[in-house]
Amino acid sequence: MPELPEVETVRRGLARLIVGRTVRSAKEFDSPKSFPNAPADVTQFLVGAKVIQVRRRAKVLLIELSSKYTLVIHLKMTGQLVWVDRDPQTKSSGTASRLTSLEHASGSDRAADVPDNLSEAPDRFGAGHPNDSLIGELPDRSTRVMIEFTDDSKLFFNDQRKFGWMRLMPTAEVVNLDFFKKVGPEPLEDVFTADQFVSRIRHRNGTTVKAAILDQTVLAGVGNIYADESLWGAKIHPATRVKDVSDKQLAKLLKEIKYVMNLAIEKGGSTNKNYVNAEGKRGSYMDFARVFRREGQECPRHPGVLIEKIRVAGRGTHICPACQVE
DNA sequence: CACTTGACCTGTCCGC
DNA sequence: TGCGGACAGGTCAAGT
């Protein structure tokens, strides 16, 4: 799925595209799997409601409605939230300009925290053209929910693997979800310090450092791509036990997590395969990735040394055997 | 309790 | 070309 930078990119797009719009109807294509709310709830709290704001916590999107209900959405591996204007033919020309800045979310434009030795991301050319659309005519076979607004524009929840979910619930009850009770701090918030990170990750001293940063209760938002990218940045082998990583190395690791996530947000996220933003466009971080899905290519720090793919924490894992020694 | 593995699904790619 | 198996950005539940 989308990891934190991808979900944040979708959030920013939705904040621009759907805030202020009013829901006319909602249709679920594979009831009740994706959207199991009772039809009566949908009628009462979704239809007729206006979108107030779009928030994010960890990898979860929260679309707040004027009905005091919120759509809570987790995209998991292949989920997409795509907004389509009412007339697809004018999509490219009309979409962005027609929608003036309804809201700019706070803290959006913080500068990337760039470690000095990594001030330039390797700009090897990847396959992705940042604005390529991966979306054809919607709905398609992966569409699970379609929400139509009163201006005839539509929001599609597509999800090929059907791991994702969408729930309509009272806004006041969102904080009581088990996931939100357990999930760790937001890594990009300034109040989350290296000391806190070290203290939290030390509770996972017995496992590998990669498993620990993928653990959403340690910190929120790291997934497989940014785990590999940040561990390479910090020159830590992913299979190293947390107890064998020094506080200083862990502080460096957090700095790298912040760096890759900020860079990824700047690049509109990573499109490995399915991910698209709220306008159906891919992200370009993969063009800047140093190790993720680059097995067989040279390490940017070690010309002649090839990146390897191994398995750590049950996940495909990319390392430079020269800089990341267990 | 801490940690690891399988399950959830569909699609794609790779080797035989 | 067809078929089986492995694998894919996440998170739970069940197992050790």
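A, B, ... follow the sequence lines: proteins, then strands. Residue 1 opens every chain.
Under the salt bridge (charged side-chain N to carboxylate O under 4.0 Å, His left out) criterion, A:Arg57 pairs with A:Glu186, not counting sequence neighbours. Residues passing the side-chain hydrogen bond (donor to acceptor under 3.5 Å, both in side chains) test with A:Arg204 are A:Asp215, sequence neighbours excluded. Residues satisfying the side-chain hydrogen bond (donor to acceptor under 3.5 Å, both in side chains) test with A:Arg161, not counting sequence neighbours, are none. Residues that satisfy the side-chain hydrogen bond (donor to acceptor under 3.5 Å, both in side chains) test with A:Arg241, not counting sequence neighbours, are absent from this structure.
Distance from the side chain of A:His74 is smallest for C:dG10 among the nucleotides C:dG10, B:dC9, C:dC12. Comparing C:dG9, C:dG10, B:dT10 against the side chain of A:Gln160 picks out B:dT10 as the nearest. Checking C:dA8, B:dC8, C:dT11 against the side-chain heavy atoms of A:Arg161 singles out C:dA8 as nearest. Side-chain proximity of A:Arg311 to B:dG11, C:dC7, C:dG10: nearest is C:dC7. Side-chain proximity of A:Gln216 to the nucleotides C:dT11, B:dC9, C:dC7 is greatest for C:dT11.
A straight line from CE of A:Met77 to P of C:dC7 spans 13 Å, rounded to a whole angstrom. In this structure, A:Glu3 atom CD and C:dT11 atom C1' are separated by 13 Å, rounded to whole Å. Between the CG atom of A:Asp228 and the P atom of C:dC7 there is a distance of 15 Å, given to the nearest Å. Atom pair A:Lys309:NZ and B:dC13:P shows a separation of 14 Å (rounding to whole Å applied). Rounded to whole angstrom, the span from the CG atom of A:Leu214 across to the C1' atom of C:dA8 amounts to 14 Å. Remark: P of C:dG9 and CZ of A:Arg282 are 15 Å apart, rounded to the nearest angstrom. Note: NZ (A:Lys210) to P (B:dC3) measures 18 Å, nearest angstrom. Following rounding to the nearest Å, A:Leu4 (CG) and C:dT11 (C1') show an atom-to-atom distance of 16 Å.
Between A:Lys59 and C:dT11 there is a side-chain polar atom (N or O) within less than 4.0 angstrom of OP1 or OP2. For C:dG10, one of the phosphate oxygens OP1 or OP2 lies less than 4.0 angstrom from a side-chain nitrogen or oxygen of A:Arg315. An OP1 or OP2 oxygen of B:dA2 is reached within less than 4.0 angstrom by no side-chain nitrogen or oxygen of A:Lys243. OP1 or OP2 of B:dC3 has not a single side-chain nitrogen or oxygen of A:Arg241 nearer than 4.0 Å.
Between A:Glu64 and A:Arg55, at least one side-chain nitrogen of the basic residue sits less than 4.0 Å from a carboxylate oxygen of the acidic one, meeting the salt-bridge criterion. Here A:Lys154 does not pair with A:Asp85 in a salt bridge; the nearest charged N to carboxylate O distance is not below 4.0 Å.
Counting any heavy atom pair closer than 4.0 Å across all strands shown, A:Ser142 reaches no nucleic acid atom. A:Arg293 comes within 4.0 angstrom of no nucleic acid atom, judged by non-hydrogen atoms across all strands. Across all strands, A:Phe292 comes closer than 4.0 Å only to sugar-phosphate atoms, never to a base (heavy-atom distances). As judged by a 4.0 angstrom heavy-atom cut-off over every strand, A:Asn224 is placed among residues touching the sugar-phosphate backbone only.
An aromatic stack links A:Phe163 and the base of C:dG10, using centre distance under 5.5 Å and interplanar angle under 30°.
Rounded to whole Å, the separation between the P atoms of B:dA7 and C:dG5 comes to 15 Å. Remark: the separation of the C1' atoms in B:dT5 and C:dC7 is 16 Å, to the nearest Å. With P as the reference atom, C:dA6 and B:dG6 are 11 Å apart, rounded to whole Å. C:dT11 sits 22 Å from B:dG11 when the P atoms are compared, rounded to a whole Å.
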Acceptor/donor pairs from residues 305-317 of chain A side chains to any protein atom, 3.5 angstrom cut, sequence neighbours excluded:
| unit_1 | atom_1 | unit_2 | atom_2 | d |
| --- | --- | --- | --- | --- |
| A:Arg311 | NH1 | A:Gly314 | O | 2.7 |
| A:Thr317 | OG1 | A:Lys210 | NZ | 2.8 |
| A:Thr317 | OG1 | A:Val312 | N | 3.4 |
| A:Thr317 | OG1 | A:Arg315 | O | 2.9 |

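Under a 4.5 Å side-chain heavy-atom criterion applied to ILVMFWY residues, the cluster that includes A:Val325 comprises that residue alone. Annotation for A:Val175: hydrophobic cluster partners, listed by chain and number, are none (ILVMFWY side-chain heavy atoms under 4.5 Å, direct or chained).
Sparse packing is recorded around CZ of A:Arg293, with 12 or fewer heavy atoms of other residues, nucleotides or ligands lying under 6.0 Å away.
Judged by distance alone, with hydrogens and angles left aside, A:Asn274 brings a side-chain donor or acceptor within reach of the base of C:dG9, the pair sitting under 3.5 Å.
Cation-pi contact between A:Arg294 and A:Trp232: absent, since separation from the ring centre below 6.0 Å together with deviation from the ring axis within 45° is not met.
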Kindly express the pairing pattern of DNA chain B in dot-bracket notation, using | wherever a base pairs with another strand and counting only Watson-Crick or G-U pairs under 3.5 Å. .|||||||.|||||||
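For residues 199-209 of chain A, proximity to DNA chain C is found at no residue, defined as any non-hydrogen atom under 4.0 angstrom from a strand atom.
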